[in-house]
Amino acid sequence: MTESLDSARLAAWRAYIEASQRLYTRLEDDLRADSALTFADYHVLVLLSEAPGQRLRMGELASRLVFSPSRLTYQITTMQRRGLVARESCPDDRRGSEAVLTAAGLLALREAAPHHLRSVRAHLMDDLDDAEVACLTRIFERLGRRLRADRDASTAHPHN
């Protein structure tokens with residue numbers, strides 16, 4: 001089912017997309033300048049650092065990053081060459097493989113995180129105009145309400 005967008009909603013989405021693209025470009029440039037990591041590198045390292053045993057199956061990693069399998073394979077291969085991750089076969093599934101965080105990857109993540117956070121704060125405060133701030137605020141408020149509702153529903157009806 002397709003939903004027609006009125007001009008106000010269309011304008012809000014355009015503002016959101018343009019602001020997101022501008023922020024992404026500036027954050028990517030800042031992160032590379034400070035740490036030589038790309039945004040994709042950074043996100044892979046964050047996900048692996050938070051995973052049990054600091055490893056994730058490639059399929060799960062691709063779905064969390066919204067990467068195609070070929071894009072993820074390329075990403076992991078380039079990160080392997082730099083020593084940031086390793087790729088190992090899954091012990092319980094010989095057909096699959098896992099990305100594993102290395103000590104060098106964890107160190108790179110720890111060094112990049114403060115630069116990334118500072119860059120996010122600076123650009124969110126300095127690079128958005130009032131309309132973009134209002135648009136992003138509405139989107140995040142809606143997302144917050146949805147996440148709270150999902151959390152409340154899951155705690156009210158725990159899985160058996």
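Worth saying up front: this structure is predicted, and the values here are computed from it rather than measured.
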### Message
I'd like to know if Leu23 and Leu31 are part of one continuous hydrophobic network [Ile/Leu/Val/Met/Phe/Trp/Tyr, side-chain heavy atoms within less than 4.5 Å].
### Response
yes
### Query
Does the distance from a Lys or Arg side-chain N to an Asp or Glu carboxylate O, for Arg32 and Glu28, drop under 4.0 Å?
yes
### Closest approach of Leu84 to Ala104 (non-hydrogen atoms, all atoms of both residues)
CD2-O, 4.1 Å
### Main-chain N/O of His116 paired to Ser119 side chain as donor or acceptor, under 3.5 Å
no
### Task
Would you name the heavy atoms of Thr102 and Ala86 that are closest together and state the gap between them?
CG2-N, 3.7 Å
### Beyond-backbone contact of Ser97 with Arg87, side-chain heavy atoms, under 4.5 angstrom
yes
### Task
With sequence neighbours left out, write down each residue that passes side chain to side chain donor-acceptor pair (under 3.5 Å) with Arg14, or none if nothing qualifies.
none
### Query
How far apart are the closest heavy atoms of Leu56 and Leu47, and which atoms are they?
CD1-O, 4.0 Å
### Message
Distance check, rounded to the nearest 0.5 Å: His43 atom NE2 versus Leu37 atom CG?
### Response
11.0 Å
#### Entry: Pairing residues for Tyr24 by the ring-ring contact (aromatic ring centres under 6.0 Å, His included) criterion, not counting sequence neighbours
Phe39
### Task
Determine whether Leu106 and Leu48 make a side-chain contact, defined as any pair of heavy atoms from C-beta on separated by less than 4.5 Å.
no
For residues 63-76, which side-chain N or O atoms pair as donor and acceptor with protein atoms under 3.5 Å away, sequence neighbours left out?
from: Ser63; atom 1: OG; to: Glu60; atom 2: O; distance (Å): 2.9
from: Arg64; atom 1: NE; to: Glu60; atom 2: OE2; distance (Å): 3.4
from: Arg64; atom 1: NH2; to: Glu60; atom 2: OE2; distance (Å): 2.5
from: Ser68; atom 1: OG; to: Ser70; atom 2: OG; distance (Å): 3.4
from: Ser68; atom 1: OG; to: Arg71; atom 2: N; distance (Å): 3.1
from: Arg71; atom 1: NH1; to: Gln75; atom 2: OE1; distance (Å): 3.0
from: Arg71; atom 1: NH2; to: Gln75; atom 2: OE1; distance (Å): 3.4
from: Thr73; atom 1: OG1; to: Pro69; atom 2: O; distance (Å): 2.9
from: Gln75; atom 1: NE2; to: Asp41; atom 2: OD1; distance (Å): 2.6

#### Entry: Least distance between heavy atoms, Tyr42 atom then Ala113 atom
OH-CA, 3.5 Å
### Query
Any side-chain heavy atom of Asp30 sitting closer than 4.5 Å to one from Arg118?
no
#### Entry: Smallest separation among heavy atoms of Leu45 and Gly105, with atom names
CD1-O, 3.7 Å
